[in-house]
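The structure under discussion appears below in the form of structure tokens.
Start at 1 with the first residue, then count along the sequence. Both ligands and their constituent atoms are indexed starting at 1 by order of listing.
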Amino acid sequence: MVAPLGDFSRLCIHTMTTKPWSLREAALAYAKAGVPGITVWRQHLEPQGLDESASILQNSGLEMVSLCRGGFFPAATERARQKTIDDNRRTIDEAAAIGAPLVVLVCGAVPGLPLNEARKQILDGIAATLPHAEQAGVRLSIEPLHPMYADSRSAVNTLGQANDMIETLASPWIGATVDVYHLWWDPALEAEIKRAGPSILSFHVSDWRTPTRDMLNDRGLMGEGCIPIRGIRSWVESTGFAGYVEVEIFSNEYWAWDQSNYLAQIKRAFLEYC
Ligand code: ZN
């Protein structure tokens, strides 16, 4: 028997990383490439619906790591805020249906809404959603986003803010996601990872390109940028975290590639830089 070329046992890929692939194409390709974990984005469930998606995933043999994404709690009116809570409950139901143990929350922000008010609405929204998560047996994870998204995507921009919320919510069903792309710059990161401890429910990797040509869709492959991925991973694992290293790359450049070639590059970069 040929010895394995590398240890991919902790590798998970987000379906958004290989966005041009359908869920079926991604699941088949990951499994064939020896990638054991998959995180599914909701838009990859839509084309074939929930039942067929669930059977694709079940038959793939891949481990379902999480469903992305819920959140977006802040809104201008009470009615709109209620709508987001309903949508988050539906997202939790979808996660349960496909066997995902975790829903990752991009918490939301509204341009012009003061960030403190947005954070209050986020906390209220999560609190209103948590009982449903517990009932469904699905955990929720607050993913702080880089401050460049504080206008419209998330008013939670540091792990410290997420930790504060987790402490306030005081539930085993809420935790945090450490995404190196969003958090690498924070001088308090090591201390806040330590503080989060067992609340860290997932770990996302990619790299920060210089220059960054697009605020949303120009993430680098691991090793292409300036993020000390291995160092941050070691902090996360020193809390006892033993979950997957999830490759989450939004990239107009890589989405234009042949996705099979790209997948091979992801595996190479994972071994070399994660
Ligand atoms: Zn992420």
task = Could you tell me whether Asp164 and Arg195 make a salt bridge, using a distance below 4.0 angstrom between a side-chain N and a carboxylate O?
result =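 Arg195 and Asp164: salt-bridged.
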For Arg81, all residues meeting salt bridge (charged side-chain N to carboxylate O under 4.0 Å, His left out), sequence neighbours excluded =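 Checked Arg81 against salt bridge (charged side-chain N to carboxylate O under 4.0 Å, His left out); matches are Glu78.
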key: Non-neighbouring partners of Lys194 that pass salt bridge (charged side-chain N to carboxylate O under 4.0 Å, His left out), sequence neighbours left out   =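 Counting only residues at least two positions away or on another chain, Lys194 forms no salt bridge (charged side-chain N to carboxylate O under 4.0 Å, His left out).
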message = For the Zn ion (ligand 1), which protein N/O/S atoms fall under 2.8 Å? Skip waters.
response =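 As for protein N, O or S atoms lying under 2.8 Å from the Zn ion (ligand 1), they are Glu143 OE2, Asp179 OD2, His204 ND1, Glu248 OE1.
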message = Using the ring-ring contact (aromatic ring centres under 6.0 Å, His included) criterion, which residues pair with Phe241? Sequence neighbours excluded.
response =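 For Phe241 there are no ring-ring contact (aromatic ring centres under 6.0 Å, His included) partners, ignoring immediate neighbours.
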message = Would the distance check show the side chain of Thr17 and the main-chain N or O of Ile249 forming a donor-acceptor pair, the cut-off being under 3.5 Å?
response =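 A pair under 3.5 Å: yes.
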inquiry  = With no hydrogens and no angle check, just 3.5 Å: does a side-chain donor-acceptor pair link Tyr244 and Glu63?
reply    =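 The answer is yes; a qualifying pair exists.
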